[in-house]
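Data first, discussion second: the structure below is written as structure tokens.
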Amino acid sequence: MTRHYNFCAGPAALPTAVLERAREELLDYQGRGLSVMEMSHRSPEFVAIAERAEADLRELLAIPDNYRVLFLQGGASLQFAMVPMNLLSGGGSANFLHTGIWAKKAIAEAKRLGYPVHLAASSETNGHARVPRQEEIALAADAAYLHYTANETIGGLAFDYTPAARRPDGSEVPLVCDMSSSILAGPLDVSRFGLIYAGAQKNIGPAGLTLVIVRDDLLGRAAGGIPTLFDYQALAEAGSMVNTPPTFAWYLAGLVFQWLKDDIGGLEAMAAINARKAEALYTAIDASEFYANPIAAANRSRMNVPFVLADERLDEAFLAESEAAGLLNLKGHRSVGGMRASLYNAVPEAGAAALIDFMTDFARRHG
Ligand SMILES: *Cc1c(COP(=O)(O)O)cnc(C)c1O
């Protein structure tokens, strides 16, 4: 069996050690004679799995006690709707930082639902090559919260700071962050946020699970008349088990949290590894005339590295040859073209090194 290096943006690589553990436990979970997939979500075995996953995540991110952790479905995209449904019932506008395709989708969903939207800053004028600076951000007087995308998975644009969310009168509003493609890449000060959400399939686990970390005071604010499954308060009260949760994805996410703690040594260690992988790749891109990445140095994503070849007629050869070399899923998003190497937690340093070797060799042969 060969496991290739997988640079997919999502669903993305999972740690081999996690998959091996899941395989060992697949048919007979810890001597219970059945698979986790076949258990009741209310069974003591599954409740223990669920509680351990939450406890490990809380430890990894040092999540304060006044935050709830929800294990949901619907993807990050459903959060584009659930956030305004829960946070705007008292009036006010949803404020956004527009930094690329994912931010744009979040904005579009709030508008589609008829909520008032205010664009607090946008990097559209600079081609999403750098994030708005703090002094460029202007919230509306009636802002109910500020939403931003920590890491634009398609554009490869990442915030290098946590924005302050203040109305013109200086009062603070909750900061809401889509962290789908950067959560767990390094330590985080959760207390700066009102709400964090992330689809699991980038840096947490398999598709089908969505993580929400929400401050207590933002619960119980949902408008009446929305489905129970969209109401953070109802979900929190039921321990994310209003209905059947995605049990196997939850279990696998728990194994990823254990891997981060025990095999990697926590998020400081993970951040150091991620920094080395990304720096090596950007250095190789910058050193060559053959590859290019347009993002301002301070805002280059460590998780998603888009790059173009000097001659796009070579794209097809690059993709075919890289795949033959065991370097999978380097094609850029269909909306932007070019290449993209996602270097999530589960992509080892050896994978980044193998990619750089391949790129150097390809440029030498075709340059
Ligand atoms: C992948 C992604 C999404 C969409 O996630 P789904 O789980 O497919 O809805 C949203 N935001 C960001 C930043 C992403 O990377």
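Since the model is a prediction, treat every value here as computed from it, not as a measurement. We count ligands from 1, going down the list as the structure has it; atoms in each ligand are counted the same way.
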*Residues two or more places apart in sequence or in another chain: which of them pass salt bridge (Lys or Arg N to Asp or Glu O under 4.0 Å) with Glu349?*
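Glu349 satisfies salt bridge (Lys or Arg N to Asp or Glu O under 4.0 Å) with Arg276 only.
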*asked:* My understanding is that only residues two or more places apart in sequence, or in another chain, count here; which of them pass ring pair (Phe, Tyr, Trp, His ring centres under 6.0 Å) with Phe7?
replied: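 In terms of ring pair (Phe, Tyr, Trp, His ring centres under 6.0 Å), with neighbours along the sequence ignored, Phe7 is linked to no residue.
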*Please examine the side chains of Thr153 and Arg340, heavy atoms only from C-beta on, and report whether any two atoms are closer than 4.5 Å.*
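The answer is yes, as the side chains (C-beta and beyond) meet within the 4.5 Å cut-off.
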*Can you check whether Phe318 reaches Phe358 side chain to side chain, under 4.5 Å on heavy atoms?*
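A side-chain contact exists here, since the closest heavy-atom pair is under 4.5 Å.
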Can you list every pair where an N/O of ligand 1 is under 3.5 Å from an N/O on the protein?
unit_1: ligand 1; atom_1: 7 (O); unit_2: Ala76; atom_2: N; d: 3.0
unit_1: ligand 1; atom_1: 7 (O); unit_2: Gln201; atom_2: NE2; d: 2.9
unit_1: ligand 1; atom_1: 8 (O); unit_2: Gln201; atom_2: NE2; d: 3.3
unit_1: ligand 1; atom_1: 9 (O); unit_2: Ala76; atom_2: N; d: 3.2
unit_1: ligand 1; atom_1: 9 (O); unit_2: Ser77; atom_2: N; d: 2.8
unit_1: ligand 1; atom_1: 9 (O); unit_2: Ser77; atom_2: OG; d: 2.6
unit_1: ligand 1; atom_1: 11 (N); unit_2: Asp178; atom_2: OD2; d: 2.6
unit_1: ligand 1; atom_1: 15 (O); unit_2: Thr153; atom_2: OG1; d: 2.4
unit_1: ligand 1; atom_1: 15 (O); unit_2: Lys202; atom_2: NZ; d: 2.6

*Could you note down all residue pairs passing ring pair (Phe, Tyr, Trp, His ring centres under 6.0 Å) where residues 190-237 supplies at least one of them, sequence neighbours left out?*
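As it turns out, the ring pair (Phe, Tyr, Trp, His ring centres under 6.0 Å) pairs with a partner in residues 190-237, which skip direct neighbours, are His147-Tyr197.
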*When you check the gap from the basic side-chain N to the acidic O, do Asp178 and Lys105 get nearer than 4.0 Å?*
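Lys105 and Asp178: not salt-bridged.
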